[in-house]
Structure formats: C-alpha cells, structure tokens
Protein chains: 2
Amino acid sequence: MTSGLPGRLLDDIGPAIVTGKYPPGAVLRTEELERAFQVSRTVVREALRVLEAMRLVSSRRRVGITVLPRVDWNLYDPRVIRWRLDGSDRADQLRSLTELRSATEPVAAALAAARATPEQAGRLTELAVQLRSTTHDLDAFLVHDIAFHRLLLAASGNDMFCQLGDVVDAVLTGRTQHHLMPPRPKTEAVRLHVEVAEAVAAGDSARAEGAMRAIVTEVMEDLRK
Amino acid sequence: MTSGLPGRLLDDIGPAIVTGKYPPGAVLRTEELERAFQVSRTVVREALRVLEAMRLVSSRRRVGITVLPRVDWNLYDPRVIRWRLDGSDRADQLRSLTELRSATEPVAAALAAARATPEQAGRLTELAVQLRSTTHDLDAFLVHDIAFHRLLLAASGNDMFCQLGDVVDAVLTGRTQHHLMPPRPKTEAVRLHVEVAEAVAAGDSARAEGAMRAIVTEVMEDLRK
DNA sequence: CTCTTGAATAAGTACTACCTTTGAGCTTCA
DNA sequence: TGAAGCTCAAAGGTAGTACTTATTCAAGAG
C-alpha cells in the first residue's frame, strides 16, 4: 500500500503495537530495527517519529523507544483506527466506534437541518431514495448508506463531525464484512433515513435529530446481540 | 516546549499552516526549509513526516511538499487542535469543539451510569460537591470542572470518549481564558453536575443523560451570544 | 551505612556527503 | 497533433561520523 520505506516500516510496527505484539512498556532500539528490517537509520527514525506523533511510542535517550500504554494513543488517527479494526479487538473497537456514532450523528443531523445548503439537502434525499431501491443488493446499499451518512456529517457544517465520516465508513463497512448486518436492511431503518432527509430539507432540527437517534439506537441494539 | 530540533521546526511550520500563513496548495521545498531554519535535511524530513502523518502536507517527488486543504487535516490530533485554538479562527474552533462536546457527553454520561465502578462514581460525587463549594473562585472551579468531565468520559468505558477529555479540557480552559464564562458559575449548572453524579452512582442512565444534556444545551446557548 | 559526586557508557540526536528514483514538462519525430 | 522519449529537479534512501544526555554504578565523604 504505502510506497516509501518509512511507510512500510510503519505498517509493520504500528499494527504490531496496536495488537499487543509489542506490549506497553516494551522497548525497541533503532539499531535493532535497522537490522531487523534491513533499512538505514534515517528510515527507522522517520517511521519512529510518526509513531511518536500517534503517541504509540515515546523515544528517550539512553533508554530506547518505549511502547506507550493504550490511554496515550491517538485513537482518532485514521491509521490507528484501521489497525485496531484489523487486529484482535475488532469487536470491542467496533462497539466503541458505534457508540461514538450514536452520540454524534443525531446532533449532526440537527445541525444539518439548520445549516445544510439546498444542494446538500437535495442530494441527501436522492441518496435516501437510492437506499430504498437497493435493499436487495447489500453492496450497493452499503455504498449509498456510507454516502448518506458522510454527506449528513459534512452538511452539519462542523469540521469535527465531518471528519468522523471515516469512522462511519469503517463501522458500516466493518459490520457488513463481518456479517453483523441483517441479510436485508430493515424497511423501518430505510424509512427513517428518508425521514432524516426530509427533516433536513425542511429545516426541522428536532425531527432530524429524532429520526437519526432512532436509527442509531436500533444499530446499538443490533450490536448488543 | 519541545526539546528536539524536529519538534521545534514542527512548532514553527504547523501553526503557520493551520493559521493559513502557508495556504493550501502552497509548496515548500526541503532545501528552502533547511536554509530558512538553519537545520540539516534529516531534521526537516523528520518534521515533514510528522506533518504528513497529520495530513497537513503531502510530499511528492519532483514537486515538493504541498500544503493540503483543510478537509484533509487530522483535526483530532491534539497538536492540530491546540494550533487552531491558538490561531485566528479560535472562536470558530471553539464552537466546533463545543458542538462535539454537546453530542458526546450526554451519551458518555448514560454509558457511565451503566459502567462506572463504585470508586469512579464516588469520586464523581466528590468532585461535584467540590464544584459547589468553589463557585467563588473561577480558577479552582475550572480545575474541578475539568476533572469532573474527564472522569465522566473515562467512566463511560469507551476509549474514544475518554480521549475527548483533552477536547473538553481545551474548551473549558479556552472559554474561561477568553471570558466567555459568566463571572460566577450558575447555580443551576452546578446542581445539574450533582444530579449527573447522583444518577451515575444510582446507575440511572436516562437521568444521567438528561442532566448532562441540560448542561451542554445551556453551554451551547451561552456560546450563541 | 547512607548520601553525594563523578566517570563510564549506551542510545538517541544531528550533520554531511553521496547516490538512486521518480515524475513534470519539454522535445522530438512520425 | 499526439505519442514516445529525454532531461533534470526534487524527494527518497544509505553510510559514516560526531554530539549530547540520561542512566548506572562505583568510589569517596560524612
């Protein structure tokens, strides 16, 4: 995937840390990594600097590179999210992210109702309609579902919400891949998406928030099983 | 603050990008930076790799280092948050973060009611009481307020919420520093904090969520003025 | 026997010089 | 005109060297 050497190193070490192969407190040394991966010091250090930026490790003189405990990690870094989802605590991670979704999306919907441009509102309605017409094809459904939620977050006019689009993408993709979805999307869920779109178009914050809250509580209940 | 040279470079370039001094599309070249900051290439490249990890820039051969548009930035990186708050769009950023809080904290409170350990619940109550007894001293109040919200997020048992403690910290600190707080905390707000703590201790998710929602809607309204 | 001092040393930090690779843009030629 | 190929600037990567600091541990003082 990543082209450069530091990137490749990162893709080796990062997941190893996140999955606990290098547990917190473990110490790496640049020289070891140089030999282990047959790369020069420059490459090792550049990779390390990135891991440090993600707060996965901390580098100290005379000690080495120490793996930090999980509480320090930048859990919102897209790569960390990906690595955790690919790793062993996938289920746990999916739960965390779903809870995050369930908190943010209703509020984002309310804001979108107040701030969405007519174009955004129109496109949102289109996507909701497409959702309804692709309940038979899970893959196509997923694409539209992701587009719908991404657009909604963008329409909220809040940078921070907008960025969570990747999280939603990961969650939706993840739960379809691991068959945590019902084989056919529930008609009630689809109806609620349409309602969200309508409410946003009508500028009705309360209704948009309510409908979205209904969607995410349903998702949360599905997950509990 | 930061000790190493790459770190210092970062603290120069990062804020410059975030505040728009280097606008999206602008091109930096390693050699220029070397000369401008009187450091070696190694240092420049390490700093650049970190900026790249934050998705503030993208480095391409034969082109140089291009500043990316804001939509690409990792807005959840603590440093990016700090730089934006120190920069020109402080007010805008504070609004975004407050909206994020208003979305997450009520849900975190509900989860905390279900998952908090007795110790956490006890400590939460303590902090609420301390809040009540320090309404006369804004600084002391701030310290307890931050501790209260951080603990609540931690007690939610969700990594992603827990990490937002820094955001809450930044928001609360920011609004006191910029005098967006009433000179004396409202007694109603304090009462609600106590109610949240009680509800968490009692395991009453709905009440905890409701009380927290009341707190954040109040905050949002204060901000609108 | 404890506490301070200071030397040894290990590991990250930083600089330099040199080579390789890639891709944007120009040139050439069918 | 447009596709193939050339050029060269800028990033990518390697190797070697020197520096800086924490840690560690032992010697000496109180």
Side-chain angles (χ1 to χ4, degrees), chain A residues 1-17 21-69 72-74 79, chain B residues 1-14 16-17 21-69 72-74 78-79:
Chain A
M1 210 256 84
T2 323
S3 52
L5 289 206
R8 259 188 266 163
L9 233 195
L10 212 57
D11 287 337
D12 280 324
I13 305 179
I17 292 176
K21 208 168 163 187
Y22 294 126
V27 174
L28 315 172
R29 254 147 307 182
T30 30
E31 206 190 339
E32 282 178 21
L33 294 171
E34 273 178 62
R35 268 181 294 133
F37 293 93
Q38 290 292 305
V39 290
S40 71
R41 188 155 3 149
T42 320
V43 170
V44 172
R45 296 202 54 196
E46 285 175 24
L48 246 22
R49 277 278 134 74
V50 175
L51 289 173
E52 211 175 20
M54 294 174 174
R55 309 227 40 181
L56 292 184
V57 304
S58 130
S59 160
R60 281 166 58 208
R61 283 184 176 183
R62 179 66 215 243
V63 174
I65 293 102
T66 318
V67 176
L68 292 174
D72 285 317
W73 300 353
N74 269 194
R79 268 177 290 200
Chain B
M1 211 241 100
T2 323
S3 53
L5 289 205
R8 261 188 264 164
L9 232 196
L10 212 57
D11 286 338
D12 280 323
I13 305 178
I17 293 176
K21 208 168 164 187
Y22 294 126
V27 174
L28 315 171
R29 252 148 305 180
T30 31
E31 205 191 336
E32 281 177 22
L33 295 171
E34 273 178 60
R35 267 180 298 133
F37 293 93
Q38 291 291 307
V39 290
S40 73
R41 208 153 61 93
T42 322
V43 170
V44 173
R45 294 196 52 193
E46 284 174 26
L48 246 22
R49 277 277 133 73
V50 175
L51 289 172
E52 212 175 18
M54 293 173 174
R55 308 228 38 184
L56 292 185
V57 304
S58 133
S59 162
R60 282 165 59 208
R61 283 187 176 171
R62 180 63 217 241
V63 174
I65 293 101
T66 317
V67 176
L68 292 174
D72 285 317
W73 300 351
N74 269 195
R79 267 178 291 201

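All chains are named by letter (A, B, ...) in the order of the sequence lines, taking the proteins before the strands, and each is independently numbered beginning at 1.
The residue B:Arg45 sits close to a base: some heavy atom pair falls under 4.0 Å. Contacts of A:Arg41 with the nucleic acid, taken as non-hydrogen atoms under 4.0 Å apart, include base atoms.
Taking the side chain as every heavy atom from C-beta outward, A:Thr2 and A:Leu10 never approach each other to under 4.5 Å.
Nucleotides of DNA chain D nearest to A:Arg61 and A:Leu5 differ in position, and the one nearer the 5' end is that of A:Leu5. The 5' end of DNA chain D is approached more closely, in terms of each residue's nearest nucleotide, by B:Val63 than by the other of B:Val63 and A:Val39.
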Practice item. With side chain to side chain contact (heavy atoms under 4.5 Å, CB included) as the test, would you mind laying out the steps for A:Val43 and A:Phe37 before giving the verdict? Key: CA-CA 10 Å; A:Val43 170; A:Phe37 293 93; over 6 Å; no
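Smallest separation of non-hydrogen atoms from A:Thr30 and A:Val44: CG2-CG1, 3.7 Å. Nearest approach of A:Pro6 to A:Ala47, heavy atoms of both residues: O-CB, 3.7 Å.
To the nearest 0.5 Å, the span separating CD1 on A:Ile13 from CG on A:Leu48 amounts to 6.5 Å. One finds the CZ atom of B:Arg55 at 7.5 Å from the CG atom of B:Asn74 (value rounded to the nearest 0.5 Å). Here the CG-CD1 distance, from B:Leu51 to B:Ile65, works out to 9.5 Å after rounding to the nearest 0.5 Å.
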Enumerate the protein-to-nucleotides 7-9 of chain D contacts in which both atoms are nitrogen or oxygen and the separation is below 3.5 Å.
residue, atom, partner, partner atom, Å
D:dC8, O2, B:Arg62, NH1, 3.0

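The phosphate of D:dG13 (OP1 or OP2) has no side-chain N or O of A:Thr42 nearer than 4.0 angstrom.
Side-chain proximity of A:Val43 to D:dG12, D:dT21, D:dT14: nearest is D:dT14.
Under the salt bridge (Lys or Arg N to Asp or Glu O under 4.0 Å) criterion, the residue pairs touching residues 37-50 of chain B are A:Arg45-B:Glu46, A:Glu46-B:Arg45, A:Glu46-B:Arg49, A:Arg49-B:Glu46, B:Arg49-B:Glu52, with sequence neighbours excluded.
The distance between atom CD of B:Glu46 and atom P of D:dG12, rounded to the nearest whole Å, is 13 Å.
Here the range on DNA chain C touched by chain A, meaning any atom under 4.0 Å from one of its heavy atoms, is C:dT9 to C:dA14.
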